[in-house]
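Shown next, in structure tokens, is the structure this report addresses.
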2 protein chains.
Amino acid sequence: MPRQVDHARRRRQIAEAVWRLAGRGGLEEVTLRQVAAEADVSVRLVQYYFGTRDDLLLGALEIINADAGERARERVEAQGPGLREIVRAVLLELLPLDEERRARHVVYAAYFVRFLADAGLRAAIQDDPDALETMVAALLADVTESPGDEAAFLVAAAGGLQGQILLGHRTEADAVRLIDRQLDRVFRV
Amino acid sequence: MPRQVDHARRRRQIAEAVWRLAGRGGLEEVTLRQVAAEADVSVRLVQYYFGTRDDLLLGALEIINADAGERARERVEAQGPGLREIVRAVLLELLPLDEERRARHVVYAAYFVRFLADAGLRAAIQDDPDALETMVAALLADVTESPGDEAAFLVAAAGGLQGQILLGHRTEADAVRLIDRQLDRVFRV
DNA sequence: ACGTTTGTGGTACGACCGCATCATAAACCG
DNA sequence: CGGTTTATGATGCGGTCGTACCACAAACGT
């Protein structure tokens with residue numbers, strides 16, 4: 001074999017090309033040839049590391065999803081011990097407040113319709129859909145009498161704000177302000 | 001000419017094929033050939049009534065968007081005079097509570113990434129993004145001290161719940177219940 | 001040292017893509 | 001009634017698609 005290579009690194013290099021293309025023009029743009037060109041490798045390599053196109057779409061999603069979980073955990077754990085700070089960090093993770101999160105949310109949007117039809121793809125991200133919500137609910141247990149409902153509503157609103165920001169219907173600052181306003185209420189400041 | 005035909009009806013027939021395909025597999029599936037087959041017409045007819053593929057995507061979106069506005073208006077006007085009922089109807093319009101609304105929201109999801117890159121497409125739907133919100137805010141003017149913020153949050157939450165329902169993360173009934181709970185709060189029952 | 005595995009490139013095949021061209025039949029206009 | 005317009009079908013062209021196949025060089029195992 002030519003020099004032993006870091007398999008995971010190559011996969012990531014290719015997966016990043018998938019994300020960029022998907023974010024630019026949807027999954028429609030994610031062709032083996034385009035991915036190869038974007039990642040600056042040959043078509044053959046894309047096949048070698050991921051297999052078929054469906055495998056590629058699944059693999060790239062699994063990687064970005066693992067990244068998302070890791071980053072979210074990092075950011076939440078970087079908060080102080082205040083309940084409110086932690087809840088806020090969790091909710092803000094759903095907002096495209098930097099290029100990384102923005103790109104990630106756009107990629108999810110590109111996959112969205114496929115999730116509806118492909119249970120395999122959905123499974124790749126379905127570990128944490130209500131994990132966030134459960135976490136928020138637990139954090140709110142002592143500050144409100146219906147933590148589950150408040151958590152659900154906060155998470156849903158953050159998800160809605162995400163879409164509005166991406167479409168340019170709302171500024172990031174305004175979305176953050178709205179979340180803080182609701183936290184004011186829930187935490188009865 | 002062969003018998004004069006209802007232009008608008010033919011366009012709708014073809015547009016509906018676009019919606020079905022987009023809802024099934026995203027815009028990727030919306031090819032001239034697939035659309036023609038789904039609408040049971042020839043490829044030539046699709047071209048005749050819409051032009052290029054981009055024109056087709058735009059045209060089909062304009063039609064579904066006009067439909068959405070019309071239906072929303074109907075449903076909201078069918079409500080009684082109660083403020084809360086009207087606000088509720090507006091918010092529920094954002095939820096996929098029947099097949100028609102579900103299909104529509106899935107179509108919007110299929111277009112989403114394209115909206116980000118194509119200002120022309122975005123313009124086709126950008127008449128009412130905050131129209132809903134403005135309307136809700138006006139309705140809430142007398143019942144809360146910050147109608148704008150509450151309206152924004154309610155609309156955002158409804159949008160977030162929409163996605164959750166589509167993905168099967170939440171039942172329709174639960175989403176409606178959550179909205180009613182928040183309306184309880186806002187209307188201080 | 002040598003065969004086997006690993007990583008990589010090139011490429012060919014059949015299908016499908018968007019789009020344009022040619023053909024044509026039926027209804028309207030004069 | 002003849003010509004123009006409208007609505008439709010069939011088909012072909014150049015390109016890209018996913019995928020499979022072939023080749024090969026470098027490192028590893030023995």
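The sequence lines fix the lettering, A, B, ..., with proteins before strands; numbering per chain opens at 1. From a predicted model like this one, the values you see are computed outputs, not experimental measurements.
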Salt bridge check: are [X] and [Y] linked by an N-O gap of less than 4.0 Å?
| X | Y | value |
| --- | --- | --- |
| A:D184 | A:R84 | yes |
| A:R102 | A:E172 | no |
| A:E29 | A:R24 | no |
| A:D180 | A:R177 | no |

Exercise for the section: Examine the base of C:dG7 for any acceptor or donor lying under 3.5 Å from a partner atom in the side chain of A:R10, and report the outcome as yes or no. Expected result: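 Side chain to base: no pair present.
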Handout entry: Donor/acceptor link under 3.5 angstrom from A:R44 side chain onto base of C:dG9
Key =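 Looking at the base of C:dG9, it does pair with a donor or acceptor on the side chain of A:R44 (distance under 3.5 Å).
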Short side-chain N/O contact to [N] OP1/OP2 from [X], under 4.0 Å:
| X | N | result |
| --- | --- | --- |
| A:Y49 | C:dG7 | no |
| A:Y48 | C:dG7 | yes |
| B:R53 | C:dG18 | yes |
| A:T31 | D:dC17 | yes |

Figure out the [atom1]/[atom2] separation between [X] and [N], and round it to whole Å.
| X | N | atom1 | atom2 | value |
| --- | --- | --- | --- | --- |
| B:R33 | D:dT16 | CZ | P | 15 Å |
| B:D40 | D:dG9 | CG | C1' | 13 Å |
| B:L27 | C:dC17 | CG | C1' | 15 Å |
| A:H7 | C:dT8 | NE2 | C1' | 12 Å |
| A:L21 | D:dC17 | CG | C1' | 15 Å |
| B:L32 | D:dA10 | CG | P | 17 Å |
| B:R11 | D:dT8 | CZ | P | 13 Å |
| A:E29 | D:dT16 | CD | P | 13 Å |

Among [options], the one nearest [X] by side-chain distance:
| X | options | result |
| --- | --- | --- |
| A:L45 | C:dG9, D:dG9, C:dG18 | C:dG9 |
| A:S42 | C:dG9, C:dC19, D:dT19 | C:dG9 |
| B:Q47 | C:dC13, C:dG18, C:dA20 | C:dA20 |

Handout entry: Parallel, tilted or perpendicular: rings of B:Y111 and B:F115 (30°, 60°)
Key =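 Ring orientation of B:F115 relative to B:Y111: parallel.
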Practice task
Describe the nucleic acid contact of B:Q34 in one word from base, sugar-phosphate, nothing, applying a heavy-atom distance below 4.0 Å.
Solution key: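 Sugar-phosphate contact only.
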Handout entry: Sugar-phosphate only, base, or nothing, as touched by A:V41 at under 4.0 Å among non-hydrogen atoms
Key =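 Result for A:V41 = nothing.
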